[in-house]
Amino acid sequence: MAVNAASMLNRLLQYKTHKPQNQPNSLKSVTQSILTHLKSGRLQKAVSILFAYPEPFPHSLYARLFHLCSANDAIVEARKLESHLVTFCPLPPVFLLNRAIETYGKCGCLVDARELFDEMPERDGGSWNTMITAYARNGFQEKALCLFSEMNREGIFPNEITFASVLGSCGAVLELVLSRQIHAMVVKYGYSNNVVLGSSLVDVYGKCGVISDARRIFDQIENPNDVSWNVIVRRYLEIGDGKEAVSMFFRMFREDFTPLNFTFSNALVACSSMSALKEGMQIHGVVFKMNFERDKVVSSSLIGMYVKCGILESARMIFDQLGSKDLISWTAIMSGYAMSGRTREARELFNMMPERNVISWNAMLAGYTHLFQWEDALKFVFLMRRMTKEIDHVTLVLILNVCAGISDVEMGKQVHGFIYRHGFCSNIFVGNALLDMYGKCGTLNSARVWFYQMSQERDTVSWNALLTSYARHHRSEQAMTFFNEMQWESRPCKFTFGTLLAACANMFALNHGKQIHGFMVRNGYELDMVIRGALVDMYCKCRCVLYALTIFKEAASRDVVLWNTMIFGCCHNGRGREVLELVGLMEEEGVKPDHVTFQGILLACICEHEAELGKQYFNSMSNDYCIIPRLEHYECMIELYSQCGCMEELEKFIKSLPFEPTVAMLTRVFDACEKHGAVRFGEWAAEQHNQLNPSTLLRFELKDRRKMGR
DNA sequence: TTAGGGTTAG
C-alpha cells in the first residue's frame, strides 16, 4: 500500500510524541501527543493516553474530547473522560461537567447524564438546560418538562435556550396550555425579538392546531430566517391548507429568501395534495433557477408532484435525468406508474430496482389493490412473504384489502392471527381494515365481535365500516340500531349518512330514510352535493319523487352526477316528461350531459313512447356532444323502437349497428316482430340469434311453431 | 458552553 506524505508525517509525529512516554513527561508533550491522535481520528487511543496520566489536563482539551465523544457516539470514552476529570481535577468547572452531561445525552445514555446532574456539587443554568435538552432529544419530552418545572421551583431563571428546548418538547407532546404559559414568560423576560424562539412558537402553535396563532407569531417576527419560513410552510401543509403553504412559499421567494431544500419539498407536497400543476411547475422553475434539481429531497418531491398531478411523463423525465437514483426516487416513480393504473410498467421498474424496502413492496402491492387486480395482488403477497421479512401496518392493511377483494375470509383469519401475534391489534388502520374485511366477506358476526374487541381504539371510520357491512348485506334495521349506538361514542360524518341513505334506498325503507334526513337537519349537518344525491336517490327509490325534487332544487350547485341521479329517479318513477324538462333546465344551467344522462333521456323516451325524440337525442349524442354511444344506449334504442312498433326503423337500426347484435338484442327484436307480425324480419332475427346462441334454439323453434300454427 | 425547523417514496 502506498504511504502518502500525510501518513508519513503522522508516523514521525507519533514517534516524536511517544518517545518521551518512558520518561517523566511534561504535560505539554502528552497533550501534544493526544492532539496528534485526535487529528488522525484515533479518539480511543487519545483517551487511553489521557487516562494513563494522573494529572489534570487543560480544560480546553477535555472540552474538545467531550465534543468528539458526542460526534462519534463514544460512550466508553466519555465515561473514561468524566472519570479522569472528576478524579484528577480538584475543582472541575461546571461548564465541563455540563459538556459531560451533553455528551451522555447525545450518546443516548440518560442514566449517566442524570446521575452526573444529580451529583454535581454545583450547577448553573447551563446544567439544567443541557439536562432538559438531553431528555428532549431522546424522546423523553415529559421528563424534560418535569425538569423545567423543577428548575422553576428551585428559583433558577430560565433563559432563551431553556425556552427553545422546552417549546420543542411542548410541540412533541402537544402541550398547548404550557406553551401559552411559556409564551407569556418569553415576552415577560424580554426575549420577544429572538428569532429562534419566534420560530419555536410558530412551530408549537402550528403543531397544536392553532394555526391562526402560529401565523400571528410568524407575522410578528421582525427578521424571519429560512427556518422560520420553513416552519410556517410546513405547518400549513400539515393542517391540510396546501393553498396557504404554497402562497407562503412564493411570498418567501418574493422577499428574496433562499428556501431550504425541505421548504421546496413542503411546497411541492402541498401542490401534490391539491393537484396544483401550475404552481408545481412554477416551483419546478424556481428549483431549476436555484440549482436545487440535484437535491435528493427536492427531486423526489418533484417526481411525486408530477405523479399526483397526472403528468407521469414529466415525472419520468426527472427520474431519468437524475445523476444518482436512490431508493426513494425509485420508489416514487415506480409508485407513480402503479397508482396511475400502469401496473405492468410499475412492475418492470420494481423488478429493476437496485434495492427495495417495505415501502417499495407496499407501493407495488397498493397499485394492484387500487386497480382491483386481485390475482396479481395475491401472487405478489406470496412473493413478498418469500422474499422479505419486512411487514408493517400498511402491508397488513393491503393484504386485508386483498382478502376482502377475493372474499377469502379464511386467509383473512390467518392475517388476523398474524396481527394478534405481532402486536398490530392496537393499530387503528389495521383494526379498521380487519373490520372491513370481515364485513365485505359477509361474516357479520366476526365483524361485530372484532368491532367490540377494538373498544378503546375504534373511531368514526370503524363505526362507518360496521354500518356499511350491515347495510351492504341487507341488514338495514341492524345498521340503524348501530347508528343509534354510535351517537353515544362518535360523531357521525357524511360517509355515515351516505351509507345509511343508500341502505334505506336499497331496502325502500322510507321511514328510516326520513329519520336520517331529519337527524341531519336537526344537527346542522351541511347537505352537500353528495348527500343531496343520496337523499334524492333514497326518496326516488321510495317513490317520493316530490321530496326528491325539492331537495334537488334547493341545492346551491348541481353537478352532472346529481342531475343524473334526479333524472334516473324520475325514470324509475315513470316520469318521462319531467326528465325531458330537467334536461332543458340542465342545459340552461350550463351543465354538460354525459353518457349516463343520455341513457336517462332514452329511458324517458321509452316511458313516453317518444320514438322520434329518442332518435333525435341518440343522434345528437355523438353529433353535438361527442359522446360515443355505448351498449346501453343501443339497447335503449332497440327497446324504444320495439315498444313503439317502429319496425322499419328498428330493422334499419339493428342492421347498421357498428358491432354484432347481442343475444339479448336479437331476442328483444324477435319478440317485437312477433308482436307486430313482422315475419320476414322476425325470421332474420331468429336466424341471427340461433347462430349466436344455439343452446336456446329449441325455444325459438317452439315460438316459431306456435306462430305458424296460429 | 447549553436552543428552533426539515427526512422527499406506500
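Naming: A, B, ... by sequence-line order, numbering from 1 per chain. What you see is a predicted model; the values in this text were computed from it and never measured. Because only heavy atoms are used, hydrogens play no part in the values below, and waters and symmetry mates are left out as well, while side chains stay in.
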Counting only side-chain heavy atoms from C-beta out, which of B:dG6, B:dA9, B:dT2 sits nearest to A:N230?
B:dG6
Specify the separation, in whole Å, of atom CG of A:L197 and atom C1' of B:dA3.
8 Å
Considering every strand and a 4.0 Å limit on heavy-atom distances, what is the contact class for A:V195: base, sugar-phosphate, or nothing?
base
Are OP1 or OP2 of B:dT2 and a side-chain N or O of A:R123 less than 4.0 angstrom apart?
no
Against the side chain of A:R234, the closest entry in B:dT7, B:dA9, B:dA3 is B:dT7
Would you indicate whether the side-chain heavy atoms of A:L81 and A:L85 approach each other to under 4.5 Å?
no
Give one of base, sugar-phosphate or nothing for A:K308, where a contact means two heavy atoms less than 4.0 Å apart.
sugar-phosphate
Contact class for A:T331 vs. all strands (heavy atom < 4.0 Å): base, sugar-phosphate, or nothing?
base
side-chain hydrogen bond (donor to acceptor under 3.5 Å, both in side chains) against A:D118, all qualifying residues, sequence neighbours excluded
A:R114
Given atom CZ of A:F262 and atom P of B:dG6, what is their separation to the nearest angstrom?
9 Å
CE of A:M120 versus C1' of B:dT1: gap in Å, rounded?
12 Å
Among residues 312-328 of chain A, which contact DNA chain B at a heavy-atom distance under 4.0 Å?
A:L327, A:I328
At under 4.0 Å between heavy atoms, what does A:D226 touch on the DNA or RNA strands: base, sugar-phosphate, or nothing?
nothing
Which nucleotide in the list B:dG6, B:dT2, B:dG4 gets nearest to the side chain of A:N129?
B:dT2
Is there, by distance only and without an angle test, a donor paired with an acceptor across the side chain of A:S200 and the base of B:dG4 below 3.5 Å?
no
Atom OH of A:Y104 and atom P of B:dT2: how far apart are they, to the nearest Å?
18 Å
Working to the nearest 0.5 Å, report the span between CG of A:L349 and CD1 of A:I333.
7.0 Å
Is the ring pair A:F424/A:F418 parallel, tilted or perpendicular, if the boundaries are 30 and 60 degrees?
parallel
Respond yes when some side-chain nitrogen or oxygen of A:R356 is under 4.0 Å from OP1 or OP2 of B:dA9, and no when none is.
no
Side chains of A:R347 and A:D376, heavy atoms from C-beta outward: is any pair under 4.5 Å?
no
For the residue pair A:F249 and A:W229, is the inter-centroid distance of their aromatic rings smaller than 6.0 Å?
no
Remember a base hit wins even if backbone is also touched, and classify A:S265 as base, sugar-phosphate or nothing at under 4.0 Å, heavy atoms.
sugar-phosphate
Under the side-chain hydrogen bond (donor to acceptor under 3.5 Å, both in side chains) rule, what pairs show up with a residue in residues 275-285 of chain A, not counting sequence neighbours?
A:H284-A:Y306
Looking at every strand, decide which applies to A:D203 at a 4.0 Å heavy-atom threshold: base, sugar-phosphate, or nothing.
sugar-phosphate
Hey, does A:A363 reach any base, or is it just sugar-phosphate, or nothing, if we go heavy atoms under 4.0 Å?
sugar-phosphate
Among pairs that include at least one residue of residues 353-375 of chain A, which meet ring pair (Phe, Tyr, Trp, His ring centres under 6.0 Å), considering only residues two or more places apart or in two chains?
A:F350-A:W361, A:W361-A:F380, A:Y368-A:F380, A:F372-A:W374
For A:M384, is there any backbone N or O sitting under 3.5 Å from a side-chain donor or acceptor partner on A:T388?
no
What is the distance from CE of A:M364 to C1' of B:dA9, rounded to the nearest Å?
14 Å
Output the residues of residues 373-396 of chain A in contact with DNA chain B, where contact means a heavy atom of the residue under 4.0 Å from an atom of the strand; sort by number or write none.
A:D392, A:V394
Examine distances only and state if a side-chain atom of A:T133 and a backbone atom of A:N129 form a donor-acceptor pair shorter than 3.5 Å.
yes
From the candidates B:dT2, B:dT7, B:dT8, the one with an atom nearest any side-chain atom of A:S301 is B:dT8
Name the closest nucleotide to the A:N159 side chain, picking from B:dG4, B:dT8, B:dT2.
B:dT2
Taking ring pair (Phe, Tyr, Trp, His ring centres under 6.0 Å) as the cut-off, I'd like each qualifying pair that reaches into residues 100-141 of chain A, sequence neighbours left out, listed once.
A:F117-A:W128
Tell me the interatomic distance from A:I333, atom CD1, to B:dA9, atom P, rounded to whole angstroms.
13 Å
Could you state the atom-to-atom distance from NE2 of A:H67 to P of B:dT1 in whole Å?
8 Å
Would you mind telling me which of B:dA9, B:dT1, B:dG4 lies closest to the side-chain atoms of A:S228?
B:dG4
So what does A:N261 hit on the nucleic acid, given a heavy-atom distance under 4.0 Å: a base, only sugar-phosphate, or nothing?
nothing
Just compare B:dA3, B:dT1, B:dA9 and give me whichever is closest to any side-chain atom of A:V196.
B:dA3
Could you state the CG-P distance from A:L237 to B:dT8, rounded to the nearest angstrom?
11 Å
At 4.0 Å (heavy atoms only), tell me whether A:E102 reaches a base, stays on the sugar-phosphate, or touches nothing.
sugar-phosphate
